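This report refers to the structure that appears directly beneath it.
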Amino acid sequence: MSLYNFKKVESKWQDIWHKNHVFKATNKADKKAFILEMFPYPSGRLHMGHVRNYALGDVLARFRMAQGYDVLHPIGWDAFGLPAENAAIENKSHPGKWTYKNIEVMKKQMQSLGLGYDWSREFATCDPSYYKHEQKMFLDFYKNGMAYKKKSQVNWDPVENTVLANEQVVDGKGWRSGAIVQKKELSQWFLKITDFAEELLQGIEKLDKWPDKVRAMQRNWIGKSYGASIHFHVKETGDSVGVYTTRPDTLFGASFIVLATDHPISKQVSEKNSDVAAFIKKWQAMGTSQKALDTVEKAGVDTGLKAKSPIEDRDIPIYVANYVVSDYGTGAVFGCPAHDERDYEFAKNHDLPIICVKGDKEGNAFDVSEKPAMEEGISVNSGFVNGLDKAASIESVIKELEKSGKGSRQTNYRLRDWGVSRQRYWGCPIPIIYCDDCGVVPVPENQLPVQLPDDVSFDTPGNPLENHPTWKETTCPKCKAKAKRETDTFDTFFESSWYFLRFASPHSDQAFDRDLVEKWLPVDQYIGGVEHAILHLLYARFFCYALKKCGYMDLEEPFKGMMTQGMVCHETYKNELGKWVSPDQIRKEGSGYVENSTGAPIKVGSSEKMSKSKKNVVDPQFIIDEYGADAARLFILSDSPPERDFEWSEAGLQGAWRYIKRVWKMVESAKDIKSFKLDSVQGTALAALKIIHKTIDSITKDLELFHYNKAIARLRELTNSLADLDLKNTEESGVYRFGCGALIKLLAPFTPHLSEELWQILEGSEKETIIKAGWPIANQDYLSENTMTLAVQVNGKVRSKITVAEDASKEDIETLALADDQVEKHMQGQKPKKIIVVPKRIVSIVI
RNA sequence: GCGGGUAUGGUGGAAUUGGUAGACACGCUAGAUUUAGGUUCUAGUGGCGCGAGCUGUGGGGGUUCAAGUCCCUCUACCCGCACCA
């Protein structure tokens, strides 16, 4: 008996899979499965989150492959992004060089994990042969009116003279310079995702293989609401203020109107009114993203203007306030303090009237002297809607507004258009030329791709493309005059919005081969982190709707199945100084841990998401080197359901490793059992055979449902059962041999290297890989038992168990149950009032 | 504040349509063989009790012959979004 040499075995099989193109998709696709994990950003090395993500996908891909599906399981690189630029600044090297070096390292790591990818489809999004297609897509969006320019605010670092991403703003200051971040208006490109708000919302209904949580998040993000648009006439200026409300039923309770600080009327008034100007200045500087706004008091300033109520003869003062969102609705709201907490606070602060317009069924107005009445009620003090409930009041007010032309029914969406401009180097150039005479001119298709220049310098602050001496200089495609290129690049969500389409035909001259997209898409199972539940998934969905509109394809929803995995967590450790200590810096001593370097005791903290800042990370490379890929894969899939958080522990990993060694020994010992007959086995052998078939059946079902942790538990049960067999008995050893074959096939998606090696040992070297050997199929004849054990309850408590024939009649079961010693004892001579027999489950006796 | 989720032994977690709670593993305890590389094997392991037994799925209440599962209510924690009118 030999020891299991995982290092030798794992690299051996990785080579064989690679040489034989085992994971190459054939495009035959009569029974296809497109399995996709979110492609990684090449940040340097794999972390445990990657391992979990890719292991989940790999199990499914290998399972489907064994079942005979033509499997598309590709991987690539989301290669544009800010970290590459930061690294370039730090190391004085090129972002591309850094990126490709990382790709090389991570690719090697993926291969050493034994992930079954079709590497012939690999690509990196920073390759011009990839990004030229999205430049064309953008131009098609532009031609179809789905891309436009508008002014929008960015985070501006006045010291570095550069735009900051949200994550580069820390406590309102630039992360590097520490300068207070300013808001600056820049003209930027936007995609009209709002045009598809309704389709994207409706589409969610069809995505029944997505987690409800993610669907809900997308629904909320789109934020559809029903209400009315109301026009208030401004007496002094003759203007009209448009207001959107979901509660037109509270219009009779309106006692003021509040405008956002950058509402046109606010700006207009500020020119003459210094109080208003000062107020706007104060609140614009504050920004909007801070949590400080939470605690801040609702403040405002009177413009002196009065608006006329559209349904009453009543004047309403107009204020500028700090609590109105400027880019939602119209940036103006009517305040009904009696029935809105924010308006209530504002009214109290500014001594404005609080008009209660809701009451109980008898028409008694609610008490609003202490707080607003938020409950639903019947309209009171409300003219023509008095006595109506909420829904009827809303209807009635809208009808009246429409009759008088002072308002209309309106549906609103919270979703905003997608700003795609980034003032960065390491991204896809936006293919637009600005000509003094012709204006905005798209780059002609035959001039694509617009490539990034290689000779780029990060010495000067600001956008390197803008600073490049010659790159932006060009000629106008229309008039041939001197012109300038757009120096902004795309948001990197652009690349990830269509890469899954590219995988169907990664070497096509077009963005994708339409037939192949139709063959492979939608992605049958997409797997990734929940952090992408909204933006990435929404943008990718939008892209498909938009591409369809531009005639690229017929596909609408790209991801049929979605699975969001949980985080990988680990215990946290602190030393006596209260500093975080990493798990490889400590050792066990007695019942606790001590720090390696000092021998001082370690305080064990709660388990939290692995993060560098808490130093509770475990490097997958270390695990692969020490225990092998199979152990890492098996463990990371075994303890928790995929969608929940996973707790990494050394002990758990060792458990997986011990199991692998055990399987190795067991299966290797079965190799000499050559002939085995299973048809007529009896007794223990038959029972074991049944367990084998039942395990095949339940694991197949578990894998369909992503219950990998349960599948692994079943595998261990099967292993335990096989270990109990007596190999000196011919029948039992035959069943043992058969069971070992099934076991390694069932294990193959989880521990592919171990399974391949053992399969070769059992079946001889001429056999195909275990993946091609097919998925075991349970024999239905062995799934049923001819006897069964029923629990017997007396007054709701289990008192005994009886064994009956499977086809026993209710009467027989009753008789048997009543005759049982334990049951008799607990009946205490009383007669049963009622006996309930649930077939195959339980007997319940009531006395 | 809104939306979503979770709560089961010392730990991670199992448990079709309500039907034997704690599968499987980690850890722990005892024993055996002794491991030549991180052993392997056997037995035990929710709590209380010597025992028959009692009790037990975050707390309280309910429906039912029967509740981890269904209903009401409360609590704690986690995630996402947030002055969205």
Side-chain angles (χ1 to χ4, degrees), chain A residues 3 211-217 219-221 223 225 227 243-248 250 258 260 288-289 291 293-294 296 298 321-336 340-343 345-346 374 412-416 530-531 533-534 566-567 569 571 591 607 626-627 631 635 638-641 643-659 661-662 665 701 707 709-720 723 789-801 825 832-836 838-847:
Chain A
L3 262 157
D212 289 341
K213 180 186 173 179
V214 174
R215 299 207 292 170
M217 282 164 88
R219 261 185 228 112
N220 291 342
W221 191 259
S225 66
V243 162
Y244 172 72
T245 180
T246 56
R247 295 295 304 275
T250 63
V258 265
T288 51
S289 63
K291 267 214 164 151
L293 287 180
D294 255 4
V296 112
K298 306 225 171 337
N322 63 354
Y323 74 99
V324 182
V325 181
S326 63
D327 49 6
Y328 178 75
T330 59
V333 182
F334 77 74
C336 175
D340 183 287
E341 278 163 357
R342 297 156 301 180
D343 296 339
E345 190 186 332
F346 188 83
M374 302 304 291
N412 221 12
Y413 299 89
R414 206 184 70 114
L415 184 67
R416 294 173 210 165
V530 73
E531 66 271 21
I534 297 178
M567 298 180 294
C569 300
E571 272 184 340
S591 57
S607 179
E626 294 291 305
Y627 295 91
F635 174 50
S638 65
D639 264 16
S640 304
E643 62 277 4
R644 281 222 226 162
D645 286 354
F646 179 85
E647 190 159 328
W648 183 275
S649 72
E650 183 82 5
L653 175 67
Q654 282 177 7
W657 169 236
R658 276 201 296 271
Y659 176 71
K661 283 197 291 188
R662 186 175 179 216
K665 274 202 295 192
K701 286 173 183 158
H707 293 167
N709 56 328
K710 281 175 16 189
I712 292 169
R714 295 286 98 80
L715 282 163
R716 297 186 103 127
E717 281 176 306
L718 175 62
T719 312
N720 291 342
T789 306
L790 291 181
V792 185
Q793 292 182 341
V794 179
N795 275 358
K797 290 190 178 167
V798 177
R799 296 300 184 184
S800 186
K801 284 161 198 179
K825 180 180 153 197
K833 280 189 196 143
K834 199 171 168 188
I835 302 177
I836 298 151
V838 184
K840 294 183 186 175
R841 296 223 184 272
I842 209 161
V843 183
S844 189
I845 301 168
V846 188
I847 56 171

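On a predicted model such as this, the values are computed, not experimentally measured, just so you know. Chain identifiers are assigned alphabetically (A, B, ...) following the order of the sequence lines, protein sequences preceding nucleic acid strands; residue numbering begins at 1 within each chain.
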Rounded to whole angstrom, note down the [atom1] distance from [N] over to [M].
{"N": "B/G18", "M": "B/C26", "atom1": "P", "value": "34 Å"}
{"N": "B/C79", "M": "B/A30", "atom1": "P", "value": "40 Å"}
{"N": "B/U16", "M": "B/C78", "atom1": "P", "value": "29 Å"}
{"N": "B/G60", "M": "B/A67", "atom1": "C1'", "value": "16 Å"}
{"N": "B/G27", "M": "B/G9", "atom1": "C1'", "value": "12 Å"}
{"N": "B/G19", "M": "B/A15", "atom1": "P", "value": "12 Å"}
{"N": "B/G22", "M": "B/U45", "atom1": "C1'", "value": "12 Å"}
{"N": "B/G12", "M": "B/G1", "atom1": "P", "value": "29 Å"}

Listing, residues 791-800 of chain A side-chain donor-acceptor contacts under 3.5 Å, not counting sequence neighbours, or none:
from   : atom 1 : to     : atom 2 : distance (Å)
A/Q793 : OE1    : A/S844 : OG     : 3.4
A/N795 : OD1    : A/I847 : N      : 3.0
A/R799 : NH1    : A/H826 : NE2    : 3.4
A/S800 : OG     : A/D820 : OD1    : 2.9
A/S800 : OG     : A/D820 : OD2    : 3.1

Pick out the pairs of N or O atoms, protein on one side and nucleotides 28-30 of chain B on the other, that lie under 3.5 Å.
none

side-chain N/O [X] vs [N] OP1/OP2, d < 4.0 Å:
{"X": "A/K665", "N": "B/U39", "answer": "no"}
{"X": "A/R658", "N": "B/C26", "answer": "yes"}
{"X": "A/N220", "N": "B/A82", "answer": "no"}

**Prompt:** If we ignore angles and hydrogens, is there a donor and acceptor under 3.5 Å between the side chains of A/S638 and A/Y659?
**Reply:**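 No - no donor-acceptor pair under 3.5 Å links their side chains.
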**Request:** Name all stems that contain residues of RNA chain B, defined as runs of 3 or more consecutive Watson-Crick or G-U wobble pairs, both distances under 3.5 Å.
**Result:** B:1-7 with B:75-81, B:10-12 with B:24-26, B:27-32 with B:40-45, B:46-48 with B:53-55, B:58-62 with B:70-74
**Asked** Are the side chain of A/D645 and the backbone N or O of A/M567 linked by a donor-acceptor pair below 3.5 Å?
**Response**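 Yes: the side chain of A/D645 pairs with the backbone of A/M567.
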**Prompt:** Does A/D343 use its side chain to pair, donor to acceptor, with the backbone of A/C336 at less than 3.5 Å?
**Reply:** yes
**Prompt:** On RNA chain B, nearest-nucleotide positions of A/I836 versus A/V333: which is more 5'?
**Reply:**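 Nearest-nucleotide comparison on RNA chain B picks A/I836.
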**Message:** I want to confirm an ordering. Mapping A/L790 and A/E650 to their closest nucleotides on RNA chain B, which one lands closer to the 5' end?
**Reply:** A/L790
Find the distance [X]:[atom1] to [N]:[atom2] and express it as a whole number of Å.
{"X": "A/K661", "N": "B/U35", "atom1": "NZ", "atom2": "C1'", "value": "11 Å"}
{"X": "A/E531", "N": "B/G5", "atom1": "CD", "atom2": "C1'", "value": "17 Å"}
{"X": "A/W648", "N": "B/A25", "atom1": "CH2", "atom2": "C1'", "value": "15 Å"}
{"X": "A/I847", "N": "B/A66", "atom1": "CD1", "atom2": "C1'", "value": "15 Å"}

Contact class for [X] (heavy atom, under 4.0 Å): base, sugar-phosphate, or nothing?
{"X": "A/R414", "answer": "base"}
{"X": "A/E341", "answer": "nothing"}
{"X": "A/R644", "answer": "sugar-phosphate"}
{"X": "A/N720", "answer": "sugar-phosphate"}
{"X": "A/V324", "answer": "base"}
{"X": "A/F646", "answer": "nothing"}

**Item:** Test log, rule ring-ring contact (aromatic ring centres under 6.0 Å, His included), inputs A/F635 and A/W648
**Value:** CA-CA 8 Å; A/F635 174 50; A/W648 183 275; 4.9 Å; yes
**Asked** What about A/K298: does its side chain form a donor-acceptor pair under 3.5 Å with the base of B/C83?
**Response** yes
**Message:** Angle between ring planes, A/Y323 versus A/F346, binned at 30° and 60°: parallel, tilted or perpendicular?
**Reply:** tilted
